[in-house]
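Sharing a structure below in C-alpha cells format, with a few things to ask.
It should be emphasised that the depicted structure is a prediction, and the values quoted were computed from it without experimental measurement.
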Amino acid sequence: MDSVDTLYQYAWLIPVLPLIGATIVGVGLISYGEATSKLRQPSATLIVSLTGAAMVLSFLIFWSQWQGHAPYQAMFEWASAGDFRIEMGYTIDHLVALMLVVVTTVAFLVMIYTDGYMAHDPGYVRFYAYLSLFSSSMLGLVISPNLLQVYVFWELVGMCSYLLIGFWYNRKPAADACQKAFVTNRVGDFGLLLGILGLFWATGSFDFEIMGERLTEMVNIGSLPASVAAIFAILVFLGPVAKSAQFPLHVWLPDAMEGPTPISALIHAATMVAAGVFLVARMYPVFEHIPTVMTVIAYTGAFTAFMGATIAITQNDIKKGLAFSTMSQLGYMVMAMGVGAYSAGLFHLMTHAYFKAMLFLGSGSVIHGMEAVVGHDPVLAQDMRLMGGLRKYMPVTAITFLIGTLAICGIPPFAGFWSKDEILGATFAANPALWAVGWLTAGITAFYMFRMYFSTFEGSFRGNDEGIRRDLKRAQLQKMGMSLGPGAMNPQELTLDEAHDHDDDHHAHEPHESPLAMTFPLMALAVPSVLVGLLGTPFANYFEAFIHPPGEVFEAAEAAEAFDWSEFALMAGSSVAIAVVGIIISVLMYRTKAIDPKAIAAKIPFLYNLSLNKWYIDDIYEVVFVQGSRKLAKQVLEVDIRIVDGLVNLAGLVTLVTGEGLKYLENGRAQFYALIVFGAVLGLVLLSGVT
C-alpha cells in the first residue's frame with residue numbers, strides 16, 4: 001500500500017479533526033465553564049491547529065486528484081432491514097477535493113482573524129467551539145457520498161448557523177435573526193426532505209449517479225410521468241433555494257449579519273451558502289435530464305442575481321450591502337447551473353469564496369476600527385454614512401478591500417472577471433434573455449461595490465459628526481417603535497449617550513488599523529483573489545479540465561481548438577464595458593460629487609423606495625405569514641376554547657350533575673330500591689296500556 005492510498009484511507013480525518021476540537025472545548029465549557037472560558041489562547045490554538053491540519057490534508061488530496069488519482073470511496077453499512085440497506089461513508093473526487101480546499105482555507109483564515117476580532121468578547125472560547133463545529137459539519141457535508149448523508153450534515157450546518165447568527169443572544173436583533181434564519185431554512189429543508197423521499201421511492205437509491213440513471217430511464221419508458229420527476233427534483237432544489245438565499249427564501253441572509261463578522265465571512269462566503277450550489281452540482285445527474293427543472297433553476301438564479309444587486313445599491317450598513325451582494329453572486333452560480341454551465345458555476349463559487357471572504361473580513365476590520373470612535377454599537381459602527389477617508393487610517397484594509405471590489409466587479413485580470421465572464425458567455429449561448437439580465441446585473445454590481453468603497457475609504461472622515469450620529473440613533477429608535485412624542489426631549493438635544501442603553505466606550509477621534517491577526521488573513525486572501533482566476537482562462541482552462549460534469553469527458557485539445565478569440569473579445573468586452581459604466585457613475589456620485597445621489601432618488605422615489613425597502617418582500621411576509629399565522633392561531637384558540645373546551649366542560653358538568661343527583665338515590669335502603677323498581681314497573685304498565 002503506497003502513501004497515496006494511505007492518505008485516502010485517512011481522509012475521514014478532515015471533518016473529524018475540527019470536530020475533536022469542538023468536542024474538547026465544548027465539553028470543557030459544559031463541565032467547567034468558568035475555568036475553560038479563561039483558557040482563551042490554549043483553546044484557540046487547539047482549534048486553529050486542528051483546522052490547519054485538516055487544511056493540509058485537503059491540499060494533499062487536491063494535489064493527488066489534480067495529478068490524476070482515481071476517485072476514492074469508502075462505505076459501511078449503517079442500517080439494514082431485509083432488503084433495505086442504508087450505507088454511509090465518504091467519497092473523494094474532483095469536486096470534493098476542490099470544496100475541501102476552499103472550505104478549509106477560508107475556515108483557517110477566519111479562525112486566525114477571530115483572535116483579533118473577538119479578543120475582548122467574553123464568549124471568545126464558545127465562539128471558537130461553534131466555529132469548529134460548523135467547519136466540521138460543512139466538511140462532512142462535502143465528503144458525503146449520497147443524498148441521505150448530505151441531508152444529515154445539511155441539518156447540522158443549519159443548527160450551527162443558528163448558534164452563530166444568534167451568538168450575541170442577549171441582543172434582540174440577533175435573537176430574532178437566528179430564529180428567522182432557522183424558520184426560513186426549515187421551509188426549504190422540508191421541501192428537500194420530501195424530494196429525497198420521493199426520489200428514493202422512485203429509484204430505490206440515495207446515490208446521485210444511480211438516482212439520475214434510474215429516473216431518466218423511468219421517464220423514458222413511461223413508468224414515471226415526467227411531471228412527477230420534475231416535482232421531486234424541484235422539491236430537492238428548495239433546499240438550495242433556502243441555503244443559498246435564492247428568491248423567495250432569501251430573506252434570512254441580510255438579517256444574519258447580526259452575528260459576529262467572522263461568521264458572516266465563513267457562512268456567507270465559502271461554506272453554508274455555498275452548500276446550496278454544491279448540492280445542485282451533486283444533483284446534476286438528476287437535474288440535467290429534466291429540462292423543466294433546469295429552466296426553473298436558471299430563472300431563479302437570474303432573478304435573484306438581479307434583485308440582490310438592485311437592493312444593494314441603497315444599503316448603508318456595510319455588512320448588509322455585502323450580504324445582498326452575496327445573494328446576487330449566488331444567483332449567478334445558480335443561473336450557471338441552470339443553463340448547463342456546470343464548471344463555470346463552480347469556478348465562480350471558488351473565486352467568489354476567496355474575494356467575498358476578504359470583503360467580509362475587510363468590513364469587520366472597518367467595524368473594529370470604527371468602534372474606537374463610535375463605540376460598540378452596530379447602528380453606528382457599520383453605517384457607511386459615518387465612515388469616509390478610512391484609507392488614510394487603515395491602508396492594508398483599504399487596499400485589500402479595493403482588490404476584492406475589483407474582483408467582484410469583473411475587472412481583468414482579477415479572479416472574478418474570468419469566472420463571471422465564463423458564466424455570461426455560457427448563458428448567452430443558452431438563453432440571450434438571461435444573459436441580458438446577468439449583463440445588466442454586472443453593471444449594477446460595479447456601481448454598488450464602488451459606492452461602498454468610496455463611501456468607506458475615500459473623502460473625509462465623518463465619524464465625529466454628531467449630527468449624523470444623532471440622526472442615525474433617532475432613526476433606530478423610531479424603527480424600534482420608541483417614538484419621540486411631543487412630551488419627549490427635543491430631538492435636537494438627543495445625544496449619543498442618551499440614545500442607547502449600553503456603555504459607549506468610544507475613546508478616540510480617529511479609527512485605527514486592525515492588528516496583524518486581522519490584517520494577515522486579508523493579505524492572504526488577496527492572493528487568490530488576484531491569481532486563482534488564471535486557472536480558468538478560456539484559452540487555457542485548467543479548471544474545467546479538472547471540474548467537468550459527471551459522465552462527460554473533457555478534451556483539452558478540442559477545447560483549445562474551439563476557443564474563439566473574437567467571441568471572447570465580444571463577451572468579455574461587453575461585460576467589462578458595463579462594469580466600467582457602473583464604476584464611472586459611482587465615481588461621479590460618490591467621489592467627485594458631480595451628481596447628487598439624493599437628487600436622483602428624489603426623481604425616482606418609487607424605484608428608490610423599492611430598493612431601500614428590499615422590494616417589500618419582508619413586509620409582505622410579515623403581513624401574510626407572521627401576522628397571518630398569528631390571526632390563524634387566535635382563531636384556532638377561539639375554536640379550542642369555545643368548542644373543544646366547551647364540549648369537554650359540558651361533559652364534565654353533566655357528569656357532575658348526574659353524580660350529585662344519583663348520590664341521593666343510592667342510600668343503601670332495600671325498601672327504597674324496591675319502591676324505585678315498583679315505580680318503574682308501574683310506569684311501564686301504564687305506558688303499555690296507553691299505547
Assess the side chains of S419 and Y332: does a donor N or O sit below 3.5 Å from an acceptor N or O?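 No pair is found: no donor N or O on one side chain lies under 3.5 Å from an acceptor on the other.
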Under a 3.5 Å threshold, yes or no: a donor from one side chain and an acceptor from the other, between D115 and Q41?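 D115 vs Q41: donor-acceptor pair found between side chains.
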message: Can you give me the closest heavy-atom contact between T300 and T304, atom names plus distance?
response: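 Result for this residue pair: O-OG1, 2.7 Å.
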* Asked: If you measure from the Lys or Arg side-chain nitrogens to the Asp or Glu carboxylate oxygens, is any gap between D121 and R126 under 4.0 Å?
  ->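 Salt bridge between D121 and R126, a charged N being under 4.0 Å from a carboxylate O: no.
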Margin query: Donor-acceptor check, side chain of T36 to backbone of G28, threshold 3.5 angstrom: yes or no?
Written below: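 It does hold such a pair.
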**Message:** Checking the side chain of T203 only, and the main-chain atoms of L199 only, is there a donor and an acceptor separated by less than 3.5 Å?
**Reply:**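 The answer is yes, because a donor-acceptor pair under 3.5 Å joins these two groups.
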(message) Keeping S244 on the side-chain end and V273 on the backbone end, is there a donor-acceptor pair under 3.5 Å?
(response)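 Judged by distance alone, yes, a pair lies under 3.5 Å.
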Next on the checklist: On a heavy-atom basis, which atom in S365 and which in M518 lie closest, and how many Å separate them?
Outcome noted: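 Closest heavy-atom pair between S365 and M518: CA-CE, 3.8 Å.
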### Query
Are F546 and F347 close enough that their ring centers fall under 6.0 Å?
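Not under 6.0 Å, so no.
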Is it true that a side-chain atom of S132 and a backbone atom of A129 form a donor plus acceptor pair closer than 3.5 Å?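 Not confirmed, S132 side chain does not pair with A129 backbone.
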Is it true that K243 and D189 make a salt bridge, defined as a side-chain N closer than 4.0 Å to a carboxylate O?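 Judged by the 4.0 Å cut-off on N to carboxylate O distance, K243 and D189 do form a salt bridge.
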Please walk me through it: do R282 and D93 pass salt bridge (Lys or Arg N to Asp or Glu O under 4.0 Å)?
CA-CA 11 Å; R282 268 285 179 239; D93 58 18; 3.0 Å; yes
*Derivation and outcome, side chain to side chain donor-acceptor pair (under 3.5 Å), residues T261 and Y117*: CA-CA 8 Å; T261 301; Y117 191 85; 3.0 Å; yes
Hey, what do you get for CG (L17) to CG (L139), rounding to the nearest 0.5 Å?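 The CG atom of L17 sits 9.5 Å away from the CG atom of L139.
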| message | With salt bridge (Lys or Arg N to Asp or Glu O under 4.0 Å) as the criterion, how do R214 and E209 come out once you've worked through the C-alpha distance, each side chain's angles and the decisive distance to 0.1 Å? | response | CA-CA 9 Å; R214 291 181 181 174; E209 298 286 347; over 6 Å; no
Q) Distance-only, no hydrogens or angles: does the T351 side chain make a donor-acceptor pair with backbone N or O of H348 under 3.5 Å? A)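 It does hold such a pair.
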Parallel, tilted or perpendicular for Y8 and Y72, by the 30°/60° rule?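 Tilted: the ring planes of Y8 and Y72 meet at 30° to 60°.
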Side-chain (S325) to main-chain (G321) donor-acceptor, under 3.5 angstrom: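 Not a single qualifying donor-acceptor pair exists.
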ask   = Under 3.5 Å, is there a donor-acceptor pair between the S43 and Y124 side chains?
value =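 There is no such pair (donor and acceptor under 3.5 Å, judged by atom type) between the side chains of S43 and Y124.
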Check: What is the minimum heavy-atom distance between P18 and S135, and which atoms define it?
Finding: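 The answer is CB-CB, 4.5 Å.
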**Item:** Side-chain donor/acceptor of S363 to backbone N/O of F360, under 3.5 Å
**Value:**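 Yes, because the side chain of S363 sits within donor-acceptor range (under 3.5 Å) of the backbone of F360.
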